[in-house]
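Computed from a predicted structure; not experimentally measured. Every chain is numbered from 1 and lettered A, B, ... according to where its sequence line falls, protein lines coming before strand lines.
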Amino acid sequence: MTNTNDFISLLASKLGRSTPQSAPEPAAFDVPSFQVSSQERVRTFLDNWQALGGKGAIVKSPDEAIQCLQEWFGDLSFAQTTNQGTIVSWNLLPAFAESAFTTLNWPLARYSQAAPSPQDRHQLAAQAELGVTGADWGVALSGTIVTSSNPQRGRAVSLLPPRHLTVMETSKIRNTIAEILSEVSALENPPAALEFITGPSRTSDIEMDLSIGVHGPIEVYVLLIDDSEDTASNSSD
Amino acid sequence: MSTYKPIVEKRVDNALTNDFLRKATRRATDRLRHNKYNAADELGDWEKWRLAGDTIRSHVIANLDYYLKQLITQVEKNGGHVHLAQTPSEAVDIVSKIARDHGAKTIIKSKSMVSEEIHLNKVLEKDGISVVETDLGEYILQVAGEVPSHIIVPAMHKTRQQVAEIFEPLAGHPLSSDTPTLTKFVRQQMRQKFLQGDIGITGCNFAVAETGSITMVTNEGNGRMVSTLPRVQITLMGMERIVPSFRELSVLLNLLGRSATGQRLSSYTTILTPPKQSTDADGPEEFHLVILDHNRSEILGDPTFRQSLKCIRCGACFNVCPVYRQIGGHAYGSVYAGPIGSVITPLLENDWEKWGHLPYFSSLCGACTEACPVRIPLHDLLVKLRARKTMTGHTPQIEKRIFQAYRYMFTHEKTLRQALRLGARFQFPFVQHDRIVSGPPPLSNWTKSKTLPKVASKSFMYLWAEAKHKGTIPTPNSKE
């Protein structure tokens, strides 16, 4: 193990100068931008998400959300199960989702409160059929959902169950990762984990043959809640 | 050279006679290359993106001391531990000490080229620790006892039947060789290992100096598993894998996913600022960042080859290389194969005897340079490495002799004339259809696979003298 100062001085000497005390002038670069209207952005996001094998829908009311969830997960008969851990979720989901799960009587096990030890929480998520999370952002250009970690959430919720459902307002969709990373930069500290999830777990390691779900979720779903202004004004009528 | 030459030749012969390997290499590189073209076209003005990638990486390398110091300070401020390793063995010692301190029995690993570079697994296993490679391709190779043949699809040289046979002893029953069955088998195998891992070891695609974050890109989600479930996380990185801030990171993530596999963004792009917050529901409580030099500082101090440190390990140069396409990764013999491997291996390992053959694994066509998303002039560096090898006296005897003879001939006009005359007269046993098709050694090395023009009955020197005599030499201004 080398001492930090020695290590840095070696590099400085290789560069033929002493290490600057203040930050160097940032590199100047210019890349083409990708920008679309907010409506097109939602459409692009969904198209890209679906192109990678994800399922997705835009809903305007809690009823539509319920319908959608039933269509996707009705066969799993969550309501009949006595096992409290079949669906694992963050502590708090968008209100639409909370009310939909309550109406459907599908019990949610809250990951961070479900067990005192991390190992037990991991087991819980590993045995669940479905993990439900919100998201902080979406990326239209790549069809990506973005979640940041915090104590009310759990990283394993979107990772260990074979199915992952994200519930997200359409207003959270941005054009590119650059926009999101610039919003993250504005935070005082970045979260311990910022996860960009683009479709299901995939690999082409065996004869270049695409295969889904070797480690992470096999099925991924996104329920987009339309909170655009025209919908909001319509619903207030 | 003499001791390694037969080994190198054997490796190449093995590759050239393995039809499946060659077919698989063509399939993998064709697929990845075409995916990349589509993904690059879609972005619009790919050259602008490459220029931005080049600008950012060059800036980091030119200020590596500053950014590395900033990174170390930030990681420590966040509560992580930083370990600096000058050599591979120091890096291995650091990791094995952390493992011992925690009494680790099982280590789960996501893909890390640095761990291959320092040959980490062997040492940990000697300490009685079970090390599990969790990337599907790496896992196949670990069970088979082999090394990667491609930086992005490491086990592409294996047939599905071979994969099934590799896994059958673990399964305890015959396995069907279709991809879904094999994938499902690995998912089940790996689940318990993920949940039981005491320590997670990850690689690092980019570290962010400003925030002390590390970025990891995987498609399978194993990187997330390894950085979410174990209590302790160790991340290994080469010291040049840094970006100043998130602003630059977004450009490089765009370049990486598209260049590596033609994806807009890899399935799981994870930006970690470890350790976890004390009240977070999961994530590692303890974080160690191991930063490796291994002669990178020497490369930094060498203005000719400094540019090779810009590499973001996307593998795009593999997928366009006509040499890699024919022989695959194992023939190189090095941890890093392909054009970039041929550039950095002799420099990292600082061993011309063992690795001096690599700069010659190139047709110098320049396709690698064109493919590189951060514009490393790879073929140019390969030529310069050949020159460096020659200047340091590591050329084979026969090559030295040939060049000595060449120099002698071309500085002794009479002897040259005579040799050409003799050549023209006695070459007939070797000539077919006006080409030399065979010959005694060392000429046979060439004629085994190619032909040579035959020695002209009237040499250029003769024709020139004759034309001069007749006064028929065209002048530059004459219009013909």
Point to revise | Ring center gap for B/F167 and B/Y139 short of 6.0 angstrom | key: yes
Exercise for review: Identify which part of B/I61 has an atom lying under 4.5 Å from any heavy atom of chain A, answering side chain, backbone, both or neither.
Suggested key: backbone
Check your understanding: What part of B/F194 lies closer than 4.5 angstrom to a heavy atom of chain A: side chain, backbone, both or neither?
Key -> side chain
Part of [X] lying under 4.5 Å from any heavy atom of chain B:
X      : value
A/Q113 : neither
A/R121 : side chain
A/T19  : both
A/A23  : both
A/S158 : both
A/L10  : side chain
A/L160 : both
A/Y111 : side chain

Study note, to complete from the structure: By salt bridge (Lys or Arg N to Asp or Glu O under 4.0 Å), B/K69 pairs with (sequence neighbours left out) none
Review point. Which residues satisfy the side-chain contact (heavy atoms from CB on, under 4.5 Å) test with A/D120, sequence neighbours excluded?
Key: A/A115, A/S117
